[in-house]
Number of protein chains: 2
Amino acid sequence: MKRFKPTTQRDIANVLGLSVSTVSRALNDFYGISAETKKLVLDYINEIEYYPNPMALKLRDCRSYSIGVIVSEIANSYFSQIINGIESVAYKKGYNVFVTQSHECFQQENTNIKQLISHSVDGILVSISSETTDFSGFYSLKEKGIPVVFFDRAPRDIDAHKIIVDNFEGAYKATEHLIKQGFYKIAHITNSSDLLIEEERIEGYKAALSTYNIDYNPEYVFYCQCRKNIREETEAIVNQLLHLDNRPDGIFSASDKLSTEILIALKKRNITIPKDMAFVGFTNMAEADIFECPLTTISQPALEIGEAAAKLLIGQIESKSTISQYKTKIFETELTIRESSLKCSKSEFVSESLNQ
Amino acid sequence: MKRFKPTTQRDIANVLGLSVSTVSRALNDFYGISAETKKLVLDYINEIEYYPNPMALKLRDCRSYSIGVIVSEIANSYFSQIINGIESVAYKKGYNVFVTQSHECFQQENTNIKQLISHSVDGILVSISSETTDFSGFYSLKEKGIPVVFFDRAPRDIDAHKIIVDNFEGAYKATEHLIKQGFYKIAHITNSSDLLIEEERIEGYKAALSTYNIDYNPEYVFYCQCRKNIREETEAIVNQLLHLDNRPDGIFSASDKLSTEILIALKKRNITIPKDMAFVGFTNMAEADIFECPLTTISQPALEIGEAAAKLLIGQIESKSTISQYKTKIFETELTIRESSLKCSKSEFVSESLNQ
DNA sequence: TTGTAAGCGTTATCAG
DNA sequence: CTGATAACGCTTACAA
């Protein structure tokens with residue numbers, strides 16, 4: 001295939017009978033060029049739709065004007081909304097975005113970091129995988145001077161900007177809501193005990209129980225890695241949960257994918273929501289409204305999280321001085337009450353009236 | 001911020017007391033270097049984890065080793081699955097992927113094309129927006145010699161590789177299934193009459209009706225642009241549909257987002273699926289299983305579509321000669337029968353038994 | 001076998 | 001005000 005060879009400043013210079021440097025001056029509003037010559041050049045480049053060769057610029061500046069993103073899965077509405085936010089900010093500021101997926105795998109995450117470095121990204125936005133407990137990869141990025149901003153899932157004690165939601169508050173609200181509806185035996189299903197956000201959610205869950213004088217029962221907390229075999233994992237969890245001596249009457253699930261899979265497993269066992277089991281999900285699914293039983297959810301401002309993360313990262317990239325004080329920006333979550341968590345549910349009411 | 005300055009071949013050469021070209025030779029298995037020197041260099045670069053500066057390579061080769069993707073929306077499981085396929089192939093072959101979104105808007109699509117060109121992508125993968133009727137943007141890409149491969153939604157008569165599914169067959173199967181279930185008044189809701197895939201789906205729908213001697217009723221076909229105001233559009237369509245003199249008893253919906261929105265609108269009006277209205281969606285939603293009424297769907301092999309498209313594009317990019325014969329690869333769809341299309345539905349049965 | 005130097009497209013520094 | 005030239009990091013033809 002004959003490769004597309006774009007016009008260069010040299011071509012322009014030749015056509016107009018000028019030198020390359022004059023053309024460059026016109027393009028960059030550089031001082032020391034006559035208005036006349038400048039107009040000549042600008043008119044011409046407008047006509048031919050000239051774009052400066054980005055590779056040359058990047059080589060010169062030693063930066064790629066691109067940022068890398070690592071998420072666990074893009075086919076997840078929460079993350080794709082965040083990516084939308086990141087891209088809108090990045091494009092506006094002239095940056096490209098490379099999106100990579102860790103699939104909740106530590107190994108893959110490290111491969112992604114290397115890939116991104118070898119593509120000379122100017123900075124990285126990351127939501128760490130549920131498997132990650134070793135943050136040395138991120139520390140070495142810091143050492144190399146490559147800015148990293150964490151969003152959604154951040155390591156506990158790393159010095160970096162972080163964009164997170166108030167997971168404690170979110171989990172508290174979810175749990176409290178279930179309690180107020182009259183469910184006292186609430187199970188909590190979450191990703192992995194090593195993630196800070198999961199810890200915060202568990203703390204919120206515990207705090208709500210404690211407020212209402214309900215004993216915390218460790219048997220009611222389940223962990224799921226959400227890897228490739230998520231279906232098996234959730235099947236096992238649901239089996240275990242349903243066969244507990246003191247079977248829970250409500251579930252608070254901590255993530256998108258988890259919620260979907262748990263609901264599938266429950267449905268398979270003919271557990272009706274919320275009659276047999278109340279349910280609140282920590283999720284951003286657009287489809288929450290049309291599930292068999294519309295889902296009560298704690299939702300997160302995904303778009304804003306993405307925008308904030310991108311702004312912070314680009315700010316750090318473009319800042320002249322080293323950051324001395326890292327920020328942690330915390331967004332609030334929102335409880336949307338639908339039917340899945342109601343004691344006397346509308347769906348029960350409807351199905352009764354339908355059968356008269 | 002002090003910029004990260006990676007090691008260069010000059011640095012390596014200085015350390016080892018060699019010249020840049022010798023280092024380069026070692027890295028590229030170039031002929032004319034002693035095994036000894038080569039080992040020396042390779043050992044060292046392994047130790048320090050040297051990566052060649054991608055910008056320099058790209059500038060030199062006049063190519064970016066990146067491909068651009070244009071889809072309508074990434075927060076759509078069908079497209080995010082396709083992107084997964086694209087990325088897996090692209091990364092394996094050393095290419096980056098820039099993903100852009102048209103949001104079903106012609107203007108935005110053209111902006112994206114320009115963006116991608118100005119980032120010097122080596123080729124573009126595109127699923128055209130529902131609004132696009134003017135393909136001049138893509139023709140001018142062809143003229144410039146930038147390879148374009150269309151997937152999912154392709155212009156009718158453009159000379160280019162295309163990856164599509166058998167939309168006719170898919171629509172036929174969906175419609176036939178509804179007919180066999182005893183629904184004869186089948187409405188079809190689709191994106192926009194200008195897309196080839198929509199035309200094929202309508203043809204499949206008509207052909208199935210004709211096979212079973214059902215008259216085609218143009219009033220039963222609805223078009224939705226699926227833009228920002230999709231909620232209003234679908235509300236209007238559902239209102240219109242429900243107030244037809246001869247109200248349909250089944251709906252065959254042509255896309256993901258459309259299906260979700262139509263179901264929300266129907267639910268709002270207390271239309272029960274499939275009792276009051278049968279439903280088949282052309283969609284890849286993972287959640288189809290746990291909807292109020294599990295959704296019968298025509299699904300598409302999204303991952304494979306993405307992989308095939310990326311392979312074809314990269315093949316074209318790397319091919320020395322101009323392509324004389326463009327390929328159109330057609331994938332088959334799959335009908336998954338769930339409850340939303342069944343005449344005597346299980347869900348009715350369940351809700352009766354629950355109320356005894 | 002190794003080193004030198006030109007060139008990819010830009011911008012910046014210097015002379016004219 | 002404008003033009004020539006070096007530099008960014010890499011590959012490669014050519015000279016040593």
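Labels below follow one simple rule: chain letters A, B, ... track the order of the sequence lines, proteins then strands, and each chain is numbered from 1.
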Could you state the [atom1]-[atom2] distance from [X] to [N], rounded to the nearest angstrom?
X: B/Leu59; N: C/dT10; atom1: CG; atom2: C1'; result: 8 Å
X: B/Asn14; N: C/dG3; atom1: CG; atom2: P; result: 12 Å
X: A/Leu18; N: D/dA4; atom1: CG; atom2: P; result: 11 Å
X: B/Arg10; N: C/dT4; atom1: CZ; atom2: C1'; result: 11 Å
X: A/Arg63; N: C/dT10; atom1: CZ; atom2: P; result: 18 Å
X: B/Asn53; N: C/dG9; atom1: CG; atom2: C1'; result: 14 Å
X: A/Ile33; N: D/dC1; atom1: CD1; atom2: C1'; result: 9 Å

**Report entry** Beyond-backbone contact of B/Phe106 with B/Thr133, side-chain heavy atoms, under 4.5 angstrom
**Finding:**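 No. Closest side-chain heavy atoms not under 4.5 Å.
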Report task. With the side chain counted from C-beta on, respond yes when B/Gln108 and B/Thr100 share a heavy-atom pair under 4.5 Å apart, and no when they do not. Result -> no
Query raised in the report: Does the side chain of B/Tyr78 pick up a donor-acceptor pair with the side chain of B/Asp152 at under 3.5 Å?
Result: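 Their side chains do contain a donor-acceptor pair, which is all the 3.5 Å distance test asks for.
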Query raised in the report: Do the side-chain N or O atoms of A/Thr22 get closer than 4.0 angstrom to the phosphate oxygens (OP1, OP2) of D/dG3?
Result: yes
Report task. May I ask you to verify if any side-chain N or O of A/Thr37 is less than 4.0 angstrom from the OP1 or OP2 atom of D/dT2? Result -> yes
Report task. Check every atom of D/dC1, C/dT4, D/dG9 against the side chain of B/Ser19 and return the nucleotide holding the closest atom. Result ->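 Looking only at side-chain atoms, B/Ser19 lies closest to C/dT4.
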Report task. Begin from the C-alpha positions of A/Leu125 and A/Ile67 and carry the test side chain to side chain contact (heavy atoms under 4.5 Å, CB included) through to its verdict. Result -> CA-CA 7 Å; A/Leu125 287 171; A/Ile67 61 181; 4.1 Å; yes
Grab the N/O contacts between the protein and nucleotides 11-15 of chain C below 3.5 Å, and write none if there aren't any.
from	atom 1	to	atom 2	distance (Å)
C/dT11	OP1	A/Asn28	OD1	3.2
C/dT11	OP1	A/Asn28	ND2	3.3
C/dT11	OP2	A/Gln9	NE2	2.8
C/dT11	OP2	A/Ser24	OG	2.9
C/dT11	OP2	A/Asn28	ND2	3.2
C/dT11	O4'	A/Arg60	NE	3.4
C/dT11	O2	A/Arg60	NE	3.3
C/dT11	O2	A/Arg60	NH2	3.1

Report task. Before accepting this row, confirm whether a basic side-chain N of the pair B/Glu307/B/Lys92 lies closer than 4.0 Å to the acidic partner's carboxylate O. Result ->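 Answer for the salt bridge query: no.
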Report task. May I ask you to decide if the ring planes of B/Tyr326 and B/His161 are parallel, tilted or perpendicular, using 30° and 60° as cut-offs? Result ->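 Answer is perpendicular, since the angle exceeds 60°.
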